[in-house]
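One structure coming up, written as structure tokens, with questions to follow.
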Number of protein chains: 2
Amino acid sequence: MAAANKMNSAEQGAGSSELRAPESRDEILKAAIKLFANRGFHETSMAEVARAANVSKALIFWHFKTKEDLFMAVLNRLLEPYVIDFAEEAGALDEIAQIMQLVELYLMFVRDNASSIRFFVAQLMRGELASDALTGPVMRLYDGYRGLLVDLIGRAQAKALCLKDFPAAAVARMLLSMLNGTLIEMLFAETDHADVASAIAMIRQWLFGGRAGVAKDAPPGL
Amino acid sequence: MAAANKMNSAEQGAGSSELRAPESRDEILKAAIKLFANRGFHETSMAEVARAANVSKALIFWHFKTKEDLFMAVLNRLLEPYVIDFAEEAGALDEIAQIMQLVELYLMFVRDNASSIRFFVAQLMRGELASDALTGPVMRLYDGYRGLLVDLIGRAQAKALCLKDFPAAAVARMLLSMLNGTLIEMLFAETDHADVASAIAMIRQWLFGGRAGVAKDAPPGL
DNA sequence: TGGTTCATTGACCGGATGGTTAGGGATTTA
DNA sequence: TAAATCCCTAACCATCCGGTCAATGAACCA
């Protein structure tokens with residue numbers, strides 16, 4: 001059985017807008033990222049991905065053995081920019097400046113990766129899939145970030161630079177809650193830049209009171 | 001509306017383990033709530049709902065015309081407890097106490113409705129379905145709550161009871177960010193009660209500095 | 001030139017899903 | 001008691017989905 005007749009000929013004509021080489025894999029990944037991000041895993045069909053990537057469904061299964069394989073590849077691709085090392089960023093700055101830089105880094109990171117973060121959060125929310133392959137790296141990063149905060153806040157408290165009414169760990173947790181709250185406001189309501197800037201100002205005021213000590217007052221990028 | 005009549009006679013006598021009267025609708029709703037909540041809309045099949053509710057799939061389609069109808073019914077059922085009037089709660093208390101009571105109310109509400117809130121957030125995240133029927137009521141409630149906060153904070157600032165370095169609206173927004181951040185920590189990491197209590201303490205400290213003025217120091221329920 | 005591998009495709013398959021239908025048993029109504 | 005109504009079900013259907021397969025053109029290798 002199987003017709004096998006071909007039918008094509010059609011578009012030949014040498015170059016023009018034809019599909020290229022094994023960068024089709026990349027095309028598929030990009031399409032999958034977009035679709036998974038704003039429709040979720042279960043709601044995205046391989047046929048849709050194929051259509052969006054301008055390839056046949058079978059080709060997707062040639063590149064990635066299963067749908068979950070594709071999903072994992074998407075995960076890894078999205079995880080790449082998440083490896084930014086927060087640590088290196090701040091050199092000889094005092095604790096206050098370092099903390100504020102971490103805060104700004106967090107917010108800028110969220111702003112720049114809004115869509116993939118939305119994706120991760122959506123995935124996190126339900127145990128949908130791969131909760132380990134997902135939870136693992138993200139949580140490691142998150143814990144690392146919190147660790148840095150606890151450390152820095154502890155040192156700032158020791159130098160009496162920063163509010164001391166609560167243990168460093170609690171302050172760090174609260175700071176992260178503030179950041180996460182601002183984050184979800186950025187993601188769902190569309191907070192404008194002014195609001196984010198004012199959030200940063202309020203965080204600084206909360207942590208350090210009237211003290212200065214920060215290099216730049218209004219972060220350039222935000 | 002829902003019949004409510006009858007339900008009589010019921011199971012006794014012959015029936016053995018037989019199904020009852022038009023409270024089957026309720027059984028279906030309860031099952032659907034549970035399934036939709038922790039598996040989402042698309043990942044929950046009508047057959048599963050039927051199995052979980054111990055009825056036939058066809059009966060579901062008799063009670064609710066389509067799957068989306070069932071989903072809407074679930075939404076409305078879940079929305080019911082959300083009508084709590086925050087306003088009535090606080091009577092003759094001063095602004096500080098009222099604000100702190102709102103804060104506690106928010107956190108307790110989240111704690112008590114964790115599963116349905118998780119459901120709403122998951123639904124909100126993607127525009128999956130009914131984004132109006134969903135967004136509408138929840139956002140109205142949320143805005144109402146924020147309005148109350150802005151008002152109270154404004155009055156507290158006027159009386160110099162509360163931090164005045166920022167406009168009331170900004171303070172309210174930040175407070176909500178803190179609450180939402182604490183919320184997602186409660187929902188996803190399992191923050192224990194001590195952490196929530198310390199979060200409340202830190203919020204009070206942030207808003208009112210050393211001032212007292214609050215009736216109870218450690219909220220009983222939390 | 002013929003063969004091997006790479007990259008790609010249309011057609012196909014079994015299973016699950018949302019939804020329908022025809023009917024049946026019990027209760028109410030006339 | 002006959003008709004109508006309500007509540008409920010098994011069986012069915014069309015569609016879509018993840019995944020497979022045989023075939024094939026192009027590039028590289030002998």
Side-chain angles (χ1 to χ4, degrees), chain A residues 1-29 31-32 35-36 39-74 129, chain B residues 1-29 31-32 35-36 39-73 128-129:
Chain A
M1 39 291 291
N5 42 19
K6 291 346 279 354
M7 55 102 71
N8 65 356
S9 81
E11 55 285 307
Q12 40 47 281
S16 85
S17 71
E18 263 328 287
L19 304 172
R20 296 106 301 179
E23 72 217 32
S24 61
R25 185 193 152 96
D26 223 73
E27 220 58 43
I28 294 171
L29 268 180
L35 285 170
F36 281 149
R39 308 181 28 105
F41 180 80
H42 286 281
E43 300 91 303
T44 302
S45 77
M46 296 303 260
E48 281 173 321
V49 176
R51 208 175 310 125
N54 273 318
V55 298
S56 71
K57 196 175 54 158
L59 183 58
I60 303 184
F61 284 96
W62 186 82
H63 280 299
F64 312 90
K65 238 176 279 290
T66 91
K67 190 186 183 184
E68 304 201 2
D69 263 36
L70 174 60
F71 183 77
M72 291 303 176
V74 166
L129 237 185
Chain B
M1 22 298 273
N5 52 2
K6 308 329 256 56
M7 55 106 65
N8 59 6
S9 85
E11 50 286 316
Q12 36 54 284
S16 82
S17 71
E18 265 324 290
L19 307 172
R20 300 77 349 152
E23 71 218 30
S24 61
R25 185 192 151 99
D26 222 74
E27 221 56 43
I28 293 171
L29 267 180
L35 285 169
F36 281 148
R39 308 180 30 104
F41 180 80
H42 286 281
E43 301 90 306
T44 302
S45 77
M46 296 303 258
E48 281 173 320
V49 177
R51 208 175 310 123
N54 274 317
V55 297
S56 73
K57 196 176 54 159
L59 183 58
I60 304 184
F61 284 97
W62 186 81
H63 280 298
F64 312 91
K65 239 178 277 293
T66 91
K67 189 186 183 185
E68 305 200 1
D69 262 36
L70 173 60
F71 183 78
M72 291 304 177
E128 239 198 7
L129 241 182

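Since we're looking at a predicted model, the values are computed, not measured. Each chain gets a letter, A, B and so on, in the order its sequence line appears, and its residues count up from 1.
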field: Heavy-atom check, side chain of T66(A) versus side chain of F71(A), under 4.5 Å
entry: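 Result no, sub-4.5 Å side-chain heavy-atom pair not found.
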Side chains of V55(A) and W62(A) in contact at under 4.5 Å (non-hydrogen atoms):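 No - every pair of side-chain heavy atoms lies 4.5 Å or more apart.
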field: K65(A) side, atom NZ; M72(A) side, atom CE - distance, nearest 0.5 Å
entry: 14.5 Å
field: Rounded distance in Å - CE (M46(B)) to P (dG19(C))
entry: 6 Å
message: On the six-membered ring of F41(B), is K67(B) placed so that its NZ or CZ lies under 6.0 angstrom from the centre and within 45° of the ring axis?
response: yes
query: For I28(B) and dC7(D), what is the distance between atoms CD1 and P respectively, to the nearest whole Å?
result: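 It is 12 Å, rounded to the nearest whole Å.
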message: Does a side-chain N or O of H63(A) approach OP1 or OP2 of dT8(C) to a distance below 4.0 Å, or not?
response: yes
field: Distance in angstrom units between F64(A) CZ and dG18(D) P, rounded
entry: 15 Å
message: Using the rule given for side chain to side chain contact (heavy atoms under 4.5 Å, CB included), can you reason through F61(B) versus D69(B), listing the C-alpha separation, both sets of side-chain angles and the distance that settles it, and then say yes or no?
response: CA-CA 9 Å; F61(B) 284 97; D69(B) 262 36; over 6 Å; no
query: I60(A) CD1 to dG10(C) P: how many Å, rounded?
result: 13 Å
- request: Would you name the heavy atoms of K57(A) and A47(A) that are closest together and state the gap between them?
  value: CD-N, 3.9 Å
- prompt: For S24(B) and dC7(D), is the shortest distance between a side-chain N/O and OP1 or OP2 below 4.0 Å?
  reply: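 Answer no for this pair, as no side-chain N or O of S24(B) is under 4.0 Å from OP1 or OP2.
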Could you list, one pair per line, each protein nitrogen or oxygen that sits under 3.5 Å from a nitrogen or oxygen of nucleotides 11-16 of chain D, together with the distance?
none

Length of the line joining L59(B):CG and dG18(C):C1', which is rounded to integer Å: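 Answer to the nearest Å: 16 Å.
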query: Can you check the L35(A) CG to dC17(D) C1' distance for me, whole Å?
result: 15 Å
query: W62(B) CH2 to dC8(D) P: how many Å, rounded?
result: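 Distance check: W62(B) CH2 to dC8(D) P gives 7 Å.
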- prompt: Taking the side chain as C-beta and beyond, is there a heavy-atom pair between M46(A) and L70(A) under 4.5 Å?
  reply: yes
field: Closest to the K67(B) side chain, choosing from dC8(D), dG18(C), dT8(C)
entry: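 Closest nucleotide among those given: dG18(C).
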message: If I take atom CD in residue E43(A) and atom P in nucleotide dT17(C), what distance separates them, rounded to the nearest angstrom?
response: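 To the nearest whole Å, that distance equals 14 Å.
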